[in-house]
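Beneath this line is the structure, given in C-alpha cells, with notes to follow.
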Amino acid sequence: MGEVDTVVSVGRLPKRGHCRMASSAETEFQTTWADCQRALREYLVRAFPRLASEVEDLLQEVFLEAIQRCRAEGMPAVVDWRGWCRTAVRHRAIDRLRRWERWVFRQLSGQKTSSQSDSFDSSRPSDSSSSEPVDSSPGPATRVGEKQRRTRQGILLSEVLAAFCRFCEAKPVRLKMKEAYERALRGQTPEQIAAAMHLPPTEVHQLLYRARQWILERIRQADVEQSVFITLFARKDQTPR
Amino acid sequence: MIEPPPMDSFGDVVRWVVEELGAFCPSPERLAAYWTQPEAPQYQDIRYHVEEARCPICLAEYLEKTKQQ
C-alpha cells in the first residue's frame with residue numbers, strides 16, 4: 001500500500017519534501033474528517049461487522065482518496081463531505097467483501113490458486129496476477145479467455161442480485177417480487193411468504209418463479225460460456241432455494 | 001485479515017451475499033424516502049428488509065442519519 005503504510009494515524013498524511021498550501025476544499029474536508037471520523041468508524045463496525053478488524057485500513061483508503069480528490073484538477077466540488085465520506089467508506093467496504101466473494105467462487109469451483117489456496121487477503125486487489133491459477137497447458141489466448149470468464153463469474157452474484165433489486169424498484173408492480181425473493185433467500189418457505197405478505201400461495205410461487213427466471217437469464221447474459229457458477233446454481237444439493 | 005464465515009456450498013455464499021453484502025438493500029433514494037414515511041404501502045419491501053430482516057447496513061445508515069439531525 002506504499003503511501004498508506006507510512007500514515008501514522010488515520011487523518012494524517014506523510015510529510016512531503018516541500019510545503020504545500022492546503023486548498024479550501026482540503027481544509028473543509030480535513031475539518032469534517034476530524035469531526036466525523038469516530039462516527040464513520042462506528043458506522044463501519046455496525047454495517048459491516050465482518051470488516052471490524054479492517055476499519056482503520058478502510059478509513060485510511062477513504063482519507064487518501066478524499067485528499068487526492070481535493071488536489072485533483074477539475075473535480076466537482078463536494079457539498080456534503082460527511083455524506084461523501086459515508087458513501088465512500090460503504091463502497092470501499094463492499095469492494096472488499098466482493099473481492100472475497102470472487103475468491104470464494106474460485107474456491108467453490110475448484111480453481112484453487114497456487115498462492116492463496118486456503119487463505120484470503122481482502123486488501124489484495126482481486127485482479128492481481130498472483131491470484132490467478134497456475135495453468136500449465138493453455139496458450140496466452142486461452143489464458144486471457146479464462147481470465148475474462150473468471151472475472152465475469154466473480155462479479156456475478158452480488159451484482160446480479162443488486163441489478164435485480166434495481167429492476168424491481170423501477171416499477172412498483174415488481175416490488176412484491178423483490179420482497180418475496182428476498183424472503184425466500186433468507187430461508188422462508190413459499191407458504192410462510194404467502195402468510196407474511198397476505199398473498200395466495202399460487203401468486204407467491206409465480207413471483208418466485210419469475211424472480212429466478214430473471215436471475216438465471218441475467219446470469220446467462222453475463223456468462224456466455226456457461227460458467228461453473230451456472231453449474232453450481234443448477235446443482236440440486238446446492239441450489240439457493 | 002477477515003474472519004471467514006462457513007461457506008461450504010453455493011447456498012452459503014448466497015446467504016452471505018444477502019445478509020452481509022447488502023445485495024437486497026434498496027436504492028439510497030428509496031431508503032431515504034422510507035425513513036420519512038415508514039408506514040407507506042409502497043415501502044413494504046423495505047419494511048421487511050429493515051424491520052424484519054434487520055439489514056445491518058440500512059440500520060447503520062439510519063443511525064448515522066439520526067445522529068446528524
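Here is how names work: the chains are called A, B, and so on, in the same order as the sequence lines, proteins then strands, and each is numbered from 1.
Of the atoms belonging to B:E20, heavy atoms from both backbone and side chain fall under 4.5 Å from chain A. Proximity to chain A is absent for every atom of B:C58, based on heavy atoms less than 4.5 angstrom apart. Contacts between B:E52 and chain A at a heavy-atom distance below 4.5 Å involve the side chain alone, from C-beta outward. Interface residue B:P26: backbone and side-chain heavy atoms are both found under 4.5 Å from chain A. Contacts between B:L21 and chain A at a heavy-atom distance below 4.5 Å involve backbone atoms as well as side-chain atoms.
Residue with the most contacts toward chain B among A:C165, A:A180, A:A196, A:P49: A:C165 (heavy-atom pairs, distance under 4.5 Å). Considering only heavy-atom pairs separated by less than 4.5 Å from chain B, the leading option among A:E169, A:E42, A:R82 is A:E169.
A donor-acceptor pair under 3.5 Å is absent between the side-chain atoms of B:R30 and the main chain of B:Y43, judged by distance alone. Put simply, the side chain of B:R47 never gets that close to the backbone of B:P41: no donor and acceptor are under 3.5 Å apart. At least one donor-acceptor pair under 3.5 Å links the side chain of A:Q192 to the backbone N or O of A:T189.
The environment of B:Y62 atom OH is sparse: at most 12 non-hydrogen atoms of other residues, nucleotides or ligands sit within 6.0 angstrom.
A donor-acceptor pair shorter than 3.5 Å can be found between the side chains of A:Y43 and B:E61.
For the pair A:R218 and A:F164, the cation-pi test (distance below 6.0 Å, angle within 45°) is failed.
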